[in-house]
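Here's the structure we're looking at; comments come further down.
Only heavy atoms go into these numbers, but all of them, side chains included; no hydrogens, no water, no symmetry mates. One is the number of the first residue; the rest follow in order along the sequence. Both counts, for ligands and for their atoms, begin at 1 and track the order of listing.
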Amino acid sequence: MTGLPHHIPIAMPVLGAEEQQAIQRPLSSGWVTQGREVAAFEEAFAKYVGADHACAVSSCTAALHLALHVLGVGPGDEVITVSHSFIATANAIRYCGGRPVFVDIEPQTFNMDPGLVEAAISSRTRAILVVHQLGMPADLAAILKIAKSRGIPVVEDAACAVGSEILVGDRWQRIGVPLGEIACFSFHPRKVITTGDGGMLTTNNAALYERLVKLRQHAMDVNDRTRHQANTVIFERYPELGFNYRMTDIQGAMGLEQLKRLPDIVARRRQLARNYSRELASISGLMVPQEPTWARSNWQSYCVRLPAHAKQKTVMQSMLDEGIATRRGVMCIHREASYPAELWRSVEQSSNPADTTDQNQKPLGESEAAQDHCILLPLYPQLTLEQQQRVAQALYRAVSIN
Ligand SMILES: *Cc1c(COP(=O)(O)O)cnc(C)c1O
C-alpha cells in the first residue's frame, strides 16, 4: 500500500544521509554493541531533556521493566496506571510479578485522571506509572502531589513524549527531567525519533542510575569497555540477577543523529497539528485534541473524537478507500485476552468483599469510549498542507455519509 503514489501512511520516520553515515562508525570500528556511541547518545539525551543521568536500553518496554524493578516492585505489589495505553505499560508491571491497578482517563487529554488516583491507592501500592499518552503530558503536578503525600514513587511512561514540555511553576521543562523518579522513552519507528528499536531511562537519582546501568547488562560489576581498555586482567562478578537490555552502538550512532533533528521535527509536528485543527474545524461534532494551558505536546499522534453518529470502522474504511491510513484510538489493555479480570483491579472495585456489585464493570468508561470513538490521523514531518487538506476532506465525506 505504501508504494501507491497517492497513499498517505499513518506515520513515517525521518531518516537520511546523516544516519547512514553515522552508522558507518561502529561498522568500521568493529565495536557494534553498547559502547562509545551509546555513551555519547546517553550524554546528549540527558542534556537535551535536562536530566542528570540517562541509561539506554533495548526498548521502552525494557526501560519500564527496569524502572519498576529498581523501585522494588515485586510479587503481590500493585502499580497504579491506565488501561488506555499500549500493552507494554501494564506488561512491565506483570514482568515484576506486580498487579496493574487501572484508573480511567480524562476524555480531553486521554491521560490518567488525577481525581481517581487517591481512591486507587492501597497498602500494596508500590508505584504510580503515569503515561504521557500520544505525546501529551499528563497532569504530573496533581499526580505528584498525591504521590508525595503518600510516599509513592512515580515512573513516567514517556514512550511517545520526547520533546514534549510541561509548565512547572513558571518554567517550561522537557518531559524527562524527570519530575518523578524515572522517565522511560521509546525509539520505535512509530515514535518521534527512532533507532529501529530502543529505549532510554532518565533519572536524577544517582543510586538508581548505578543500578540501572548494571542491571541492563546482567548486573555485571564491570562493563566491557572498562575491561577492554584495562591493561590488567579483570574478573567480573554478577552479584544479582540482571538482564540483557543493551542498546547496540549502531543504534546509539543513529540516535545521536536523530536527536539533532528532534527540535525541527517537534516544531514541524506542532505546525501540522495547528493546520489540522484549522482544517477540521468545519466538521460538526468532531472534537480535535487540545493542550491544557500547562502542556505542550510533541504531537506524536493526532487523535480526533468522531461525531456521535459516526461509526469508527466505517469512517476508517472510507478513508482507506481514498488512500488514507488511520488508526483507531489507543487500545484498552483490560479488554485483551492476556488480561483476564483476576490479574488486575480498577479503582471503583469495592474494597468491601461483601459487596459484589460492580466488580470490574463500567469504571473504565472513558478509556473504552476513547478507544471506540476516536481515530488517529496521519502526522509526520514530510506531510504537506495539501495532503492534510486531503485528509480533512476525506474525513468530512466519511463522517457525512456514515
Ligand atoms: C510504544 C509504547 C511503549 C513501548 O515502547 P517499545 O520501545 O516499543 O518497547 C510503551 N508505552 C507506550 C505508551 C507506548 O506508546
[X]: numbered ligand 1 atoms lying under 4.0 Å from its heavy atoms:
{"X": "Ser59", "value": "7 (O), 9 (O)"}
{"X": "Cys160", "value": "15 (O)"}
{"X": "Ser85", "value": "13 (C)"}
{"X": "Ala88", "value": "4 (C), 10 (C)"}
{"X": "Val131", "value": "13 (C)"}
{"X": "Gly198", "value": "7 (O)"}
{"X": "Thr61", "value": "4 (C), 6 (P), 9 (O)"}

Just to confirm my output: which protein heavy-atom neighbour is closest to [atom], and how far is it?
{"atom": "atom 5 (O) of ligand 1", "answer": "Cys60 CB, 3.3 Å"}
{"atom": "atom 11 (N) of ligand 1", "answer": "Asp157 OD2, 2.8 Å"}
{"atom": "atom 7 (O) of ligand 1", "answer": "Ser186 OG, 2.7 Å"}
{"atom": "atom 12 (C) of ligand 1", "answer": "Ala159 CB, 3.4 Å"}

Worksheet item: SG/Cys55 to CG/Leu66 distance, rounded to the nearest 0.5 angstrom?
Response: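 Those atoms lie 7.0 Å apart.
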Fill in: Separation of Phe102 CZ from Ile80 CD1 (nearest 0.5 Å)
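Going from the CD1 atom of Ile80 to the CZ atom of Phe102 covers 12.0 Å.
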Discussion item. Any atom of ligand 1 sitting under 4.0 Å from a heavy atom of Ala92?
Written reply: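 Flag not set, Ala92 not near ligand 1.
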Fill in: 4.0 Å heavy-atom contact, Gly199 with ligand 1
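Outside the 4.0 Å threshold, so no.
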Any luck finding a side-chain donor-acceptor pair between [X] and [Y] under 3.5 Å?
{"X": "Gln258", "Y": "Glu19", "value": "yes"}
{"X": "Gln300", "Y": "Arg269", "value": "no"}
{"X": "Tyr339", "Y": "Asn91", "value": "yes"}

Worksheet item: What about the rings of His69 and Phe243, do their centers lie closer together than 6.0 Å?
Response: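 Yes, they do, as the ring centres are separated by less than 6.0 Å.
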Discussion item. If I apply the N/O under 3.5 Å rule, does His188 come out as touching ligand 1?
Written reply: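 His188 vs ligand 1: no N/O contact under 3.5 Å.
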Worksheet item: Any N or O on Asp197 sitting closer than 3.5 Å to an N or O of ligand 1?
Response: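 No, Asp197 has no N/O under 3.5 Å of an N/O on ligand 1.
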Discussion item. Asp321 vs Ser318, test: side chain to side chain donor-acceptor pair (under 3.5 Å). Steps then yes/no.
Written reply: CA-CA 5 Å; Asp321 292 344; Ser318 297; 5.4 Å; no
Worksheet item: Can you check side chain to side chain donor-acceptor pair (under 3.5 Å) on His84 and Ser367, steps first, answer last?
Response: CA-CA 5 Å; His84 182 262; Ser367 301; 5.6 Å; no
Fill in: Winner among His65, Arg190, Lys191 once heavy atoms are compared against atom 1 (C) of ligand 1
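Answer by nearest heavy atom: Lys191.
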Worksheet item: Parallel, tilted or perpendicular: which fits the ring planes of Tyr48 and Phe45, with parallel below 30° and perpendicular above 60°?
Response: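 Tilted.
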Worksheet item: Any idea which heavy atoms bring Cys374 and Cys303 closest together, and the distance?
Response: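 Nearest heavy atoms, Cys374 then Cys303: CB-SG, 3.6 Å.
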